[in-house]
There are 4 protein chains.
Amino acid sequence: MNLKNFFKELTESESAAVSMTEKQISIMSAAIEIFAEKGYSATTTSEIAKRAGVGEGTIFHHYKTKKDLLLAIPDYLSKSPGQKGLMDELLRIFERPYERFEDFLRDIAYNRRDFVAKNIPLIKVLIQEIALQPELREKASVTVLFPAMEKFSRAIERFQARGQIIDIPSVSVSKLIFTSLFGYFFTLYIAAFAFSGDREQDLEYLIGYILHGLGIADTSVNHDPETGGAVL
Amino acid sequence: MNLKNFFKELTESESAAVSMTEKQISIMSAAIEIFAEKGYSATTTSEIAKRAGVGEGTIFHHYKTKKDLLLAIPDYLSKSPGQKGLMDELLRIFERPYERFEDFLRDIAYNRRDFVAKNIPLIKVLIQEIALQPELREKASVTVLFPAMEKFSRAIERFQARGQIIDIPSVSVSKLIFTSLFGYFFTLYIAAFAFSGDREQDLEYLIGYILHGLGIADTSVNHDPETGGAVL
Amino acid sequence: MNLKNFFKELTESESAAVSMTEKQISIMSAAIEIFAEKGYSATTTSEIAKRAGVGEGTIFHHYKTKKDLLLAIPDYLSKSPGQKGLMDELLRIFERPYERFEDFLRDIAYNRRDFVAKNIPLIKVLIQEIALQPELREKASVTVLFPAMEKFSRAIERFQARGQIIDIPSVSVSKLIFTSLFGYFFTLYIAAFAFSGDREQDLEYLIGYILHGLGIADTSVNHDPETGGAVL
Amino acid sequence: MNLKNFFKELTESESAAVSMTEKQISIMSAAIEIFAEKGYSATTTSEIAKRAGVGEGTIFHHYKTKKDLLLAIPDYLSKSPGQKGLMDELLRIFERPYERFEDFLRDIAYNRRDFVAKNIPLIKVLIQEIALQPELREKASVTVLFPAMEKFSRAIERFQARGQIIDIPSVSVSKLIFTSLFGYFFTLYIAAFAFSGDREQDLEYLIGYILHGLGIADTSVNHDPETGGAVL
DNA sequence: TATGAATGAGGCTTCATTCAT
DNA sequence: AATGAATGAAGCCTCATTCAT
């Protein structure tokens with residue numbers, strides 16, 4: 001988990017973005033789309049070629065194997081012109097000096113909501129295949145997840161220092177927020193459960209719920225793992 | 001979403017469990033294991049046969065196609081002798097008359113933790129393929145998810161009636177709890193992100209966080225969707 | 001081509017007919033039906049079992065292999081109670097002392113028409129598989145075709161002796177009549193070409209045409225193979 | 001049954017012939033050969049590939065399924081360079097202005113004899129599978145049989161107009177000649193009955209027999225369907 | 001005798017990858 | 001660089017046959 005490497009890669013990636021030919025981009029886009037629809041394994045290179053509007057052989061000029069195509073997706077997160085800054089925005093939020101934790105949280109929530117909503121296929125593929133392909137999990141963890149979590153924890157600590165949120169390990173707080181948001185977006189956008197209800201309203205409930213859950217306010221409810229009591 | 005049908009199916013399923021031959025069970029188990037490891041599509045029927053210790057033809061004697069094998073998994077949740085009551089326990093918790101919301105929540109959390117920890121492959125397959133196969137999503141929603149959510153909401157309402165938790169639509173509360181727990185278990189057990197930290201401790205943080213998030217206590221932080229303010 | 005063997009077989013077969021159990025008959029019938037519909041090779045033993053209303057294993061108690069089932073069909077021509085005398089009637093016509101060739105021919109034509117019309121599946125299978133399976137061709141030739149052709153030729157010779165039909169080798173006459181009738185019945189009943197027209201009328205045309213073609217009457221049209229002239 | 005369409009198809013087919021690659025031709029040839037030997041259903045695509053000298057996958061590159069390979073055979077009748085004019089010659093005979101019916105008939109007989117003798121596998125497959133596969137029967141009827149029969153009947157009518165052959169419906173005459181020749185060639189070349197005798201001589205007998213059978217000459221033998229008397 | 005669960009050899013078909021153009 | 005014909009390994013599935021009941 002080396003931040004320097006991460007940024008070097010990001011930078012390199014952006015310059016690399018320039019070198020992505022139009023054909024490469026259409027191959028990548030087609031691949032992500034179809035991977036998301038049917039899964040990596042059930043996707044045919046010939047179908048990718050067809051949807052990308054190129055010959056089958058062309059794919060193999062740019063990506064030595066079908067697997068390379070999959071492993072190139074994390075790079076695409078930062079490379080592609082249209083996608084540039086997909087993660088950057090979030091990282092910038094993490095660094096921005098917010099007055100109130102609530103504003104910070106709300107920006108994150110809506111930023112990720114927009115990100116997810118606009119990149120369902122990409123995210124779907126990543127989550128699906130991260131659970132199946134160790135190489136991809138490794139790559140995604142090192143280049144995206146861990147660096148982001150680290151920055152996130154730093155931000156959390158600033159709010160803790162100012163006494164705005166509960167004082168448990170910042171990493172645990174990061175995980176609570178991360179998994180809450182993740183669970184919300186996943187069930188809604190990826191698993192696509194047909195939950196009824198107003199999504200906008202539900203997201204606000206979620207924000208309030210997180211704020212509350214991490215708030216300092218009430219300490220009457222707490223629990224000790226040893227005794228079975230509440231801990232917060 | 002008809003509860004009566006749901007229970008009829010559960011009951012029928014259990015009697016059906018008796019009719020599952022030893023060979024069928026070993027096929028099903030092997031299939032779930034390998035599906036979880038490599039995904040449905042990348043799994044070979046010959047590998048399933050090998051691990052199940054049966055001839056490849058035998059698989060097709062019991063399940064007409066490979067896909068049927070996948071679609072039979074939800075039934076297996078209630079059918080298989082060893083797995084019987086996987087969902088029943090949770091449903092029983094939903095119906096038990098708890099004094100305190102905290103006890104109710106904790107029972108759920110630990111019950112699901114145990115369930116997930118003991119059935120990682122099964123859950124992994126279901127989640128993976130629910131996102132890819134509409135038939136499976138439909139089947140799982142109708143036979144497992146929706147009935148459970150309904151019962152869950154009923155329980156929530158009982159606590160709300162007693163003023164123990166916040167008074168927003170019970171369905172929204174259900175979803176908040178569900179997605180929080182789901183996000184926690186998913187990132188840990190399914191996506192298998194190598195988050196560091198003490199899982200036991202983290203689960204307690206999560207319980208406290210949910211309790212807090214849904215508590216009545218502090219209303220100083222709130223938000224209105226219209227004005228952008230906090231709502232809780 | 002041994003007539004004695006032929007009759008011995010026929011006789012044995014008839015006694016054997018008694019030993020055909022009800023199940024055997026239903027297997028045989030089902031087999032012939034489906035063989036006729038889809039061809040021997042494309043027919044499944046399981047489908048035969050299903051249509052015969054027996055278990056799959058039962059077939060193999062009576063016929064060691066699927067091929068044995070096919071090779072047993074010629075026997076069935078004489079064995080089966082309902083089918084008994086399928087060929088006998090024809091052979092009896094060959095032996096009956098007709099006054100006029102025309103009556104002889106007409107009896108043959110209508111007898112075969114009835115035979116074919118009532119046994120399309122049986123005939124279809126035999127013709128189909130005779131062209132593919134040397135063993136079957138051999139068996140059918142020796143037990144059915146050649147003996148019948150021999151008797152037929154003897155009958156022809158009697159008419160030739162009385163000057164009623166043209167005096168070319170009796171075997172050649174047999175073949176002319178046989179192939180004419182065969183061609184007529186085959187195109188109509190086996191290949192099932194959707195020729196329009198009145199079949200009854202066409203059969204009468206055919207009879208008149210054969211009579212004429214073999215008649216003594218007109219010798220103005222004739223041809224010599226050497227010189228290229230007509231020969232009749 | 002539209003002659004114009006028929007010729008358009010023939011013409012298109014011939015130009016299409018040019019587009020048949022060398023590999024396609026060798027696949028088609030191999031397929032026809034083996035289909036004829038063992039029947040369509042008993043033939044293995046791997047055996048076709050081996051005999052054609054191509055990879056098994058190559059077959060499916062040109063014909064989507066094994067069945068498509070079968071259904072492509074009628075087209076091959078007109079397409080293939082070597083086979084071009086297989087039917088054309090016959091059709092040309094039908095249109096040629098013969099003086100005498102005998103010459104017309106003899107040309108047909110020998111032309112078809114040559115055709116059959118040189119294309120036994122092709123014909124065997126077609127006849128076999130026409131009786132089993134409705135699609136093929138339909139295709140062969142519409143593209144080959146019916147158009148040919150129509151032209152044939154026109155020719156017959158010209159001879160009838162000149163009083164050279166008997167005056168029954170020209171279609172019935174066509175069928176008589178067709179089925180006679182068909183029966184002769186089928187029993188000899190396709191069913192491959194081991195009839196003894198001089199084939200050349202027998203063909204001449206057949207020609208004379210047909211001539212006689214259709215001749216005007218002797219009307220003493222005739223029959224009325226109603227009364228049971230001869231009709232010619 | 002009758003059955004049908006079990007089997008594995010083998011069939012059709014798919015597909016990632018190569019390579020000549 | 002781009003293509004698509006060609007390929008063979010491998011996958012899913014079928015099926016005749018066996019065998020324990």
Side-chain angles (χ1 to χ4, degrees), chain A residues 21-24 27 40-50 52-70, chain B residues 21-24 26-27 40-50 52-69, chain C residues 21-24 27 40-50 52-70, chain D residues 21-24 26-27 40-50 52-69:
Chain A
T21 69
E22 204 180 322
K23 276 201 155 69
Q24 272 175 304
I27 289 171
Y40 163 76
S41 201
T43 298
T44 322
T45 50
S46 96
E47 194 180 353
I48 296 173
K50 211 171 295 162
V54 302
E56 260 206 87
T58 309
I59 292 176
F60 293 89
H61 264 282
H62 296 288
Y63 304 90
K64 227 172 162 27
T65 69
K66 187 186 165 195
K67 190 129 192 199
D68 283 351
L69 193 50
L70 178 68
Chain B
T21 70
E22 204 180 321
K23 278 205 153 74
Q24 271 176 302
S26 61
I27 289 171
Y40 163 76
S41 205
T43 298
T44 302
T45 51
S46 96
E47 193 180 354
I48 295 173
K50 214 168 293 163
V54 302
E56 197 172 352
T58 307
I59 293 177
F60 294 93
H61 194 74
H62 294 286
Y63 304 90
K64 253 189 142 14
T65 66
K66 189 187 164 194
K67 188 129 191 202
D68 282 351
L69 191 52
Chain C
T21 70
E22 205 181 319
K23 275 202 155 70
Q24 272 176 303
I27 290 171
Y40 163 77
S41 201
T43 298
T44 316
T45 51
S46 97
E47 194 181 352
I48 295 173
K50 209 170 295 162
V54 302
E56 261 207 85
T58 309
I59 293 178
F60 291 91
H61 265 282
H62 296 288
Y63 304 91
K64 228 173 161 23
T65 68
K66 187 186 165 195
K67 189 130 193 199
D68 283 350
L69 193 50
L70 177 69
Chain D
T21 70
E22 204 180 321
K23 278 204 154 74
Q24 270 175 303
S26 62
I27 289 170
Y40 163 77
S41 204
T43 298
T44 303
T45 51
S46 96
E47 193 181 353
I48 295 172
K50 214 169 293 162
V54 303
E56 198 171 350
T58 308
I59 293 177
F60 294 91
H61 195 74
H62 293 287
Y63 304 91
K64 253 189 141 16
T65 67
K66 189 187 165 196
K67 188 129 190 202
D68 282 352
L69 191 51

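Chain naming here is simple, since letters A, B, ... match the order of the sequence lines and numbering starts at 1 in each.
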J.: Measure from NZ on C/Lys67 to P on F/dC15 and round the result to the nearest Å.
T.: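 My rounded result for the distance is 18 Å.
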J.: Rounded to the Å, how far apart are C/Lys64 NZ and F/dT17 C1'?
T.: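 These atoms are roughly 10 Å apart.
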J.: What nucleic acid atoms does A/Thr44 come within less than 4.0 Å of, heavy atoms only: base, sugar-phosphate, or nothing?
T.: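 If one applies the 4.0 Å heavy-atom cut-off, A/Thr44 turns out to touch the sugar-phosphate alone, with no base involved.
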J.: E/dA20 pairs with which nucleotide, Watson-Crick or G-U wobble, both distances below 3.5 Å?
T.: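 The base-pairing partner of E/dA20, which may sit in any strand shown, is F/dT3.
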J.: Just checking D/Thr45: base, sugar-phosphate only, or nothing, at a heavy-atom cut-off of under 4.0 Å?
T.: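 Answer is base: heavy atoms of D/Thr45 come under 4.0 Å of a base.
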J.: Considering heavy-atom distances to DNA chain E, does B/Lys23 or A/Phe60 have its closest nucleotide positioned more toward the 5' end?
T.: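 By nearest-heavy-atom nucleotide position, the 5'-most residue is B/Lys23.
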J.: Determine whether any donor atom in the side chain of A/His61 lies under 3.5 Å from an acceptor atom in the base of F/dA1, or the reverse, and answer yes or no.
T.: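 No pair found.
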J.: Do any side-chain nitrogens or oxygens of C/His62 fall under 4.0 Å of OP1 or OP2 in E/dT1?
T.: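 No, C/His62 has no side-chain N/O under 4.0 Å of OP1/OP2 on E/dT1.
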J.: Between atom CD in D/Glu47 and atom P in F/dG8, what is the gap in whole Å?
T.: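 These atoms are roughly 17 Å apart.
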J.: Mapping A/Ile59 and D/Gly57 to their closest nucleotides on DNA chain F, which lands nearer the 5' end?
T.: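 So the residue in question is A/Ile59.
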J.: C/Tyr63 OH to E/dA2 C1': how many Å, rounded?
T.: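 After rounding, the gap between these two atoms is 15 Å.
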J.: Just one of D/Thr65, D/Leu69, D/Asp68 clears the side chain to side chain contact (heavy atoms under 4.5 Å, CB included) bar with D/Ile59, so which one?
T.: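 Testing each of D/Thr65, D/Leu69, D/Asp68 against D/Ile59, the sole residue satisfying side chain to side chain contact (heavy atoms under 4.5 Å, CB included) is D/Leu69.
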J.: Taking a pair as Watson-Crick or G-U wobble with both distances under 3.5 Å, which nucleotide is matched to F/dC13?
T.: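 Paired with F/dC13, as far as the under-3.5 Å criterion goes, is E/dG10.
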J.: Report the nucleotide, chosen from E/dA5, E/dT13, E/dA16, that has the shortest atom-to-atom distance to any side-chain atom of D/Glu56.
T.: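 Closest of the options to the side chain of D/Glu56: E/dT13.
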J.: Starting from C1' on E/dT7, measure out to CD1 on B/Ile27 and report it in whole angstrom.
T.: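 Distance, rounded to whole Å: 12 Å.
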J.: Look at all strands and tell whether A/Thr43 reaches a base, only sugar-phosphate, or nothing, counting heavy atoms closer than 4.0 Å.
T.: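 Since only primed, P, OP1 and OP2 atoms lie under 4.0 Å of A/Thr43, the category is sugar-phosphate.
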J.: In whole angstroms, how far is the C1' atom of E/dA16 from the CG atom of A/Leu69?
T.: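 So the CG-C1' distance, A/Leu69 to E/dA16, works out to 12 Å.
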J.: Does any non-hydrogen side-chain atom of B/Tyr63 lie less than 4.5 Å from one of B/Ile27?
T.: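 B/Ile27 vs B/Tyr63: side chains touch.
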J.: Below the 4.0 Å mark, does E/dC15 have OP1 or OP2 next to a side-chain nitrogen or oxygen of A/Ser46?
T.: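 No, because none of the side-chain N or O atoms of A/Ser46 sits under 4.0 Å from OP1 or OP2 of E/dC15.
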J.: Taking all atoms of both residues into account, what is the closest heavy-atom pair of A/Thr58 and A/His62, and its distance?
T.: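 Scanning both residues completely, I find the closest heavy atoms to be O-CD2, 3.3 Å.
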J.: Under 6.0 Å from the six-membered ring centre of C/Phe60 and within 45° of its axis: does the NZ or CZ of C/Lys66 meet both?
T.: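 So C/Lys66 doesn't make the cation-pi contact.
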J.: Do B/Ser46 and B/Glu56 pair up side chain to side chain, a donor and an acceptor below 3.5 Å, judged on atom types alone?
T.: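 On atom types as modelled, these side chains do not qualify, holding no pair under 3.5 Å.
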